[in-house]
Asker: 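Below: one structure in structure tokens.
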Amino acid sequence: MKYKAIIFDLDGVICHTDKFHYLAWKVLADKLGVYFDEEINNRLRGVGRMDSLGIILERYEGTPLSEELKLAYSEEKNEIYKELLKNMSTDDLTKEVKDTLDKLRAEGLKLAIGSSSKNAKIILKQIGLEGYFDEISDGNNITNSKPDPEVFVKASDLLSLQPIDCLVVEDAKAGLEAALACGMDCAAIGDAVNCNLATYNLQSFSNLLSL
Ligand code: BG6
Ligand code: MG
């Protein structure tokens with residue numbers, strides 16, 4: 001492989017948290033009387049927490065919410081979400097993903113996380129990957145969420161590598177756009193394949209081994 005490192009998105013690439021995000025946002029949407037379904041939830045992929053709330057509030061018709069209240073609501077959702085994350089375990093990390101990561105590392109590649117989530121480390125711990133990655137760039141060290149490239153630029157800085165040496169793996173359009181915006185090649189997986197934006201389209205995670 002021509003890269004020195006791979007930067008993986010977490011949610012939707014290494015493991016799947018969509019259903020927990022959905023359940024937690026649904027509690028808040030119901031409270032605010034806002035229609036919310038799984039299709040709208042899919043639009044939140046890769047998008048930061050406050051921007052996600054903004055998308056949910058597109059259908060809100062109540063009295064205008066102050067920024068302070070929006071922050072409080074996003075924290076309320078996050079508490080529910082964190083409770084749900086306790087249901088995750090090593091069973092949420094597939095053998096295919098773990099074996100592929102191990103083989104990539106054995107080939108000498110550095111492995112990093114580039115996630116918009118502020119809960120990335122909690123999730124990695126739940127699925128048994130605490131301390132596994134060489135570097136973690138997540139929602140806690142960025143000001144601008146994907147499609148802004150900041151999270152990936154920070155990841156390559158942490159790895160002490162140039163963007164051209166890094167490959168990003170993403171399941172969301174916003175993530176592919178973020179990678180391309182900082183000159184990184186990207187591999188799409190899942191629904192992101194349909195965007196036709198990526199350098200490579202993966203049918204399966206283990207396809208990374210044949211790039
Ligand atoms: C991304 C998810 O990884 O993290 C988004 O794909 C989510 O759906 C975002 O909104 C922020 O997550 P968190 O855990 O910081 O609320
Ligand atoms: Mg994702």
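Order of appearance sets the numbers: ligands from 1, and atoms from 1 within every ligand.
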Asker: In plain terms, say whether Lys146 and Asp9 are close enough for a salt bridge, that is, a side-chain N and a carboxylate O under 4.0 Å apart.
Answerer: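 So Lys146 pairs with Asp9 through a salt bridge.
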
Asker: How far is atom 7 (C) of ligand 1 from its nearest protein heavy atom, and which residue and atom is that?
Answerer: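 Result for atom 7 (C) of ligand 1: Val47 O, 3.2 Å.
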
Asker: Determine which of the N, O or S atoms in Asp11 is closest to the Mg ion (ligand 2) and give its atom name.
Answerer: O

Asker: Within 45 degrees of the ring normal and closer than 6.0 Å to the centroid, is that where the cationic atom of Arg105 sits relative to Tyr132?
Answerer: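 Because its charged atom sits under 6.0 Å from the ring centre and within 45° of the axis, Arg105 does stack over Tyr132.
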
Asker: Give yes if a backbone or side-chain nitrogen or oxygen of Ser52 is under 3.5 Å from a nitrogen or oxygen of ligand 1, and no if not.
Answerer: yes

Asker: Which atom, among the N/O/S set of Asp171, is closest to the Mg ion (ligand 2)?
Answerer: OD1

Asker: I need the contact type for Lys118 against ligand 1. Using non-hydrogen atoms and a strict under-4.0 Å cut-off, is it side chain, backbone, both or neither?
Answerer: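 Under 4.0 Å from ligand 1, Lys118 contributes backbone and side-chain atoms.
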
Asker: Is the charged tip of Lys77 near the ring of Tyr73: under 6.0 Å from the six-membered ring centre and within 45° of its axis?
Answerer: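 No.
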
Asker: Hey, would you say the Tyr22 and Tyr81 ring centroids sit under 6.0 Å apart?
Answerer: no

Asker: Before accepting this row, confirm whether a basic side-chain N of the pair Glu135/Lys154 lies closer than 4.0 Å to the acidic partner's carboxylate O.
Answerer: no

Asker: By atom name, which N, O or S atom of Asp9 is the nearest to the Mg ion (ligand 2)?
Answerer: OD2

Asker: Among protein heavy atoms, which sits nearest to atom 16 (O) of ligand 1, and what does the distance come to when rounded to 0.1 Å?
Answerer: Arg49 NE, 2.8 Å

Asker: Let me check your reading of the structure: within less than 2.8 Å of the Mg ion (ligand 2), is there an N/O/S atom from Glu170?
Answerer: no

Asker: With heavy atoms of Tyr81 as the reference, note each atom of ligand 1 found under 4.0 Å away.
Answerer: 14 (O)

Asker: Between Ser116 (side chain only) and Gly46 (backbone N and O only), is there a donor and an acceptor less than 3.5 Å apart?
Answerer: yes

Asker: So is there a nitrogen or oxygen of Asn119 less than 3.5 Å from a nitrogen or oxygen in ligand 1?
Answerer: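 N/O-N/O distance below 3.5 Å exists for this pair.
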
Asker: With a 4.0 Å cut-off, would you call Glu38 and Lys26 a salt bridge?
Answerer: no

Asker: Please state whether Gly139 comes within less than 4.0 angstrom of ligand 1, counting heavy atoms only.
Answerer: no

Asker: Say whether Asn119 and Asp138, considering side chains only, have a donor N or O and an acceptor N or O under 3.5 Å apart.
Answerer: no

Asker: Does this structure show an ion pair linking Asp99 with Lys103, if we count only N-O contacts that are shorter than 4.0 Å?
Answerer: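 Result for this pair is no, no salt bridge flagged.
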
Asker: Is it true that Asp191 and Arg45 have a side-chain N and a carboxylate O under 4.0 angstrom from each other?
Answerer: yes

Asker: In the protein, which heavy atom is nearest to atom 6 (O) of ligand 1, and how far is it?
Answerer: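 Heavy-atom neighbour on the protein nearest atom 6 (O) of ligand 1: Gly46 N, 2.8 Å.
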
Asker: For atom 3 (O) of ligand 1, what's the nearest protein heavy atom and its distance?
Answerer: Asp11 OD2, 2.5 Å

Asker: Which protein heavy atom lies closest to atom 8 (O) of ligand 1, and at what distance to 0.1 Å?
Answerer: Leu44 O, 2.9 Å

Asker: Heavy atoms only, cut-off 4.0 Å: how does Ser117 contact ligand 1, side chain, backbone, both, or neither?
Answerer: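 For Ser117, the contact with ligand 1 is made by both the backbone and the side chain.
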
Asker: Within less than 4.0 angstrom of ligand 1, does Leu10 place any heavy atom?
Answerer: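 Not so, Leu10 does not reach ligand 1.
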
